Amino acid sequence: MKAVRFVGDSLDRLREFPLDAKREAGHQLDRVQNGLDPDDWKPMKNIGLGVREIRIREESGAFRVIYVANIDDAVVVLHCFRKTTQQTAKTDIDLAARRLRDLKRESP
């Protein structure tokens, strides 16, 4: 089982999700830790190779967890947020991309 590592404020943002969305995010990350795909995801090639977005739909809205699972044998959560528009906001994409770049610089 891979470890989960949260970058920046991603864990704090995840903790702000409503309870049901938080539980679903945890369940989906557990699947990834165990080598399975999340139930609902899409590749985020515009952020980087191997980056995926877990899509969570809950009564109070849509939530996203952006992660990469091919660095340091861990599931690295780059960003968590509530999605408020049809298209993912550029600020959310840019933040995840910056965190990925920083992560790659840190890795040996």
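Remember, it's a predicted structure, so these values are computed and weren't measured experimentally.
Sorted by first and then second residue, the ring-ring contact (aromatic ring centres under 6.0 Å, His included) pairs with a member in residues 29-56 form an empty list; sequence neighbours excluded.
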key: Stepwise side chain to side chain contact (heavy atoms under 4.5 Å, CB included) test for I56 and D40   = CA-CA 7 Å; I56 300 166; D40 188 3; over 6 Å; no
key: side chain to side chain contact (heavy atoms under 4.5 Å, CB included) between I66 and F81, intermediate numbers included   = CA-CA 9 Å; I66 297 177; F81 60 98; 3.7 Å; yes
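For the atom pair M1 CE and D30 CG, the distance stands at 5.5 Å (nearest 0.5 Å).
Heavy-atom minimum distance, A25 versus V65: CB-CG2, 4.1 Å. Between L78 and A96, the closest heavy-atom pair is CD1-O, 3.9 Å. Taking both residues in full, the closest heavy atoms of C80 and S10 are given as SG-O, 3.5 Å, listed atom of the first, atom of the second, then distance. Between P38 and R52 the shortest heavy-atom distance is CD-NH1, 4.1 Å.
Looking only at distances, a side-chain donor or acceptor of Q33 sits under 3.5 Å from a matching main-chain atom of K2. Using a distance-only test at 3.5 Å, with no hydrogens or angles considered, a donor-acceptor pair links the side chain of K22 to the main chain of R15. Side chain of R64 to backbone of D92: no donor-acceptor contact under 3.5 angstrom is found.
For the side chain to side chain donor-acceptor pair (under 3.5 Å) test, residues two or more places apart in sequence or in another chain that qualify with Q28 are E24, D39. Among residues two or more places apart in sequence or in another chain, the side chain to side chain donor-acceptor pair (under 3.5 Å) test is passed with K90 by D94. Listed by chain and residue number, nothing satisfies the salt bridge (Lys or Arg N to Asp or Glu O under 4.0 Å) test with R23 (two or more places apart in sequence, or in another chain). Checked against salt bridge (Lys or Arg N to Asp or Glu O under 4.0 Å), R101 has no partners two or more places apart in sequence or in another chain. For R13, the salt bridge (Lys or Arg N to Asp or Glu O under 4.0 Å) partners are D9, E16, not counting sequence neighbours.
Taking the charged nitrogens against the carboxylate oxygens, D102 and R99 have no contact shorter than 4.0 Å, which rules out a salt bridge.
Remark: L49 CG is loosely packed, at most 12 non-hydrogen atoms of other residues, nucleotides or ligands lying under 6.0 Å away.
With no hydrogens or angles considered, a side-chain donor-acceptor pair links S60 and E58 at under 3.5 Å.
Between V77 and the choices L11, L29, L14, the side-chain contact (heavy atoms from CB on, under 4.5 Å) rule is met once, by L29.
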